[in-house]
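Below is one structure, written out as structure tokens; the observations come after it.
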Amino acid sequence: MGGDGTGPEVAAEGVKVLKAVAKLEAIQLELQDFDYGGDRYLRTGEILPEGAVEKLGEFDAILLGAIGHPQVAPGILERGLLLNLRFVFDQYINLRPVKLYPGVETPLRDKGPDDIDFVVVRENTEDMYAGIGGFLKKGTPDEVATQTAVYTRKGCERCIRWAFDYTRKRNKKKRLTLVAKTNVLTYGHDLWWRTFQEVAKEYPDIQTDYNHVDACCMWMVKNPEFYDVIVTTNMFGDIITDLAGILQGGMGVAAGGNINPEPGIPSMFEPMGGSAPKYTGKGVINPIATISATAMLLEHSGYANAGERVMKAIQIVTGTKMKSQAAGKMGYSTSEVGDLVVDNL
Ligand code: IPM
Ligand code: MN
């Protein structure tokens, strides 16, 4: 699903790499292209046509380029497409690896690839994203607006448990940090805190830690090497992963997965950068984030070797070829970067 703006350009490079690695690893691949996004919405008035969810539901995984269209008001495509798919497929994990690849510049002085290598596990279906709220006396001086943060025991427990399992599987520092705001959000984040403590008892091999979200923003810049895996709520996860994304070299590099761990339900992988309309059609946008999303997709779909192969090829290309990760400054076009990754598989 290429989506809007530069989305289709980067998605094409992801697909190019996917096809190449599938051939090398003898993976049977069936692809279908969907034109959902702003242009189609402007043409037809529909974001996801009837039957779209059922059809998408037949696939093992979805690769999404980007959504966001200059002629569509903010929120419409986000809610109608991205958030909608996260909700209908109950993709309750938003997995955001934060890894500084070799050769990539970070704004942090004196920090390198060994220092910036952690993962954020963001809850992906609750919190202020639940869409609960409303207006009273809208448009008057007495207007009241509410936006409710919803947290459920089931929702936080399944996310926390998945994060513990992931920390164990990752097998690095074996440290899981809960990021929340228990000093102010004394109901919702108390539920998160208590659940975290309870689930932790089942994982004596994992060291646990807690940061308030504001302090986490400070530590992430000062001592990113401290983190191994962070588990956090949807809204805070959204915010801290943009901070983390810039530490790993920016939106051209950062990727994420919207995961439902149940087999038979599609998970959705995407670059974190937006549709970057001003770069559309110029062949200057960085496809590395999308190619990383493809590696995550492969790993999630049971092709760990293929995913690993793509990750290694990416790091050869960033480490030995690309001049920069910024759009237009890579030293190569979008499709040349894709070709370089393919050459290095
Ligand atoms: C993200 C994005 C989305 C979010 C937007 C586009 C709705 O910022 O995936 O982090 O807030 O989750
Ligand atoms: Mn975000």
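Atoms within each ligand, like the ligands themselves, are counted from 1 in listed order. Throughout, numbering of the chain's residues begins at 1 and tracks the sequence.
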Please check if V150 and Y92 belong to a single hydrophobic cluster, counting links between Ile, Leu, Val, Met, Phe, Trp and Tyr side chain heavy atoms closer than 4.5 Å.
no
Under 2.8 Å from the Mn ion (ligand 2), the protein N, O or S atoms, given as residue and atom:
D238 OD1
Please state which protein non-hydrogen atom is closest to atom 4 (C) of ligand 1 and give its distance, to 0.1 Å?
Y129 OH, 3.4 Å
Do V284 and V104 sit in the same hydrophobic cluster, where Ile, Leu, Val, Met, Phe, Trp and Tyr count as joined when their side-chain heavy atoms come under 4.5 Å apart?
no
Nearest non-hydrogen protein atom to atom 2 (C) of ligand 1, with distance, is D238 OD1, 4.0 Å
Any idea which of R96, E270, M272, E78 brings a heavy atom closest to atom 1 (C) of ligand 1?
R96
I would like to know whether F269 and H300 meet ring pair (Phe, Tyr, Trp, His ring centres under 6.0 Å); could you show each step before the answer?
CA-CA 10 Å; F269 299 84; H300 176 76; 5.7 Å; yes
Closest to atom 3 (C) of ligand 1 (judged by heavy-atom distance), picking from L82, N234, I239:
L82
With the threshold set at 4.0 Å, does a side-chain nitrogen-carboxylate oxygen contact exist between D165 and R161?
no
is_close_aromatic(F89, F59), centroid dist under 6.0 Å
no
If you count the atoms of ligand 1 from 1 in the order shown, which ones are under 4.0 Å from a heavy atom of R86?
1 (C), 4 (C), 9 (O), 12 (O)
R86/E270 salt bridge by N-O under 4.0 Å criterion:
yes
Give a yes or no on whether a salt bridge exists between K321 and D343, defined as a side-chain N under 4.0 angstrom from a carboxylate O.
no
Tell me the contacting part of R122 for ligand 1: side chain, backbone, both, or neither, using a 4.0 Å heavy-atom threshold, strictly below.
side chain
Under 4.0 Å between a side-chain nitrogen and a carboxylate oxygen: does that hold for D209 and R175?
no
Regarding R153 and E198, does a basic nitrogen lie under 4.0 Å from an acidic carboxylate oxygen?
yes
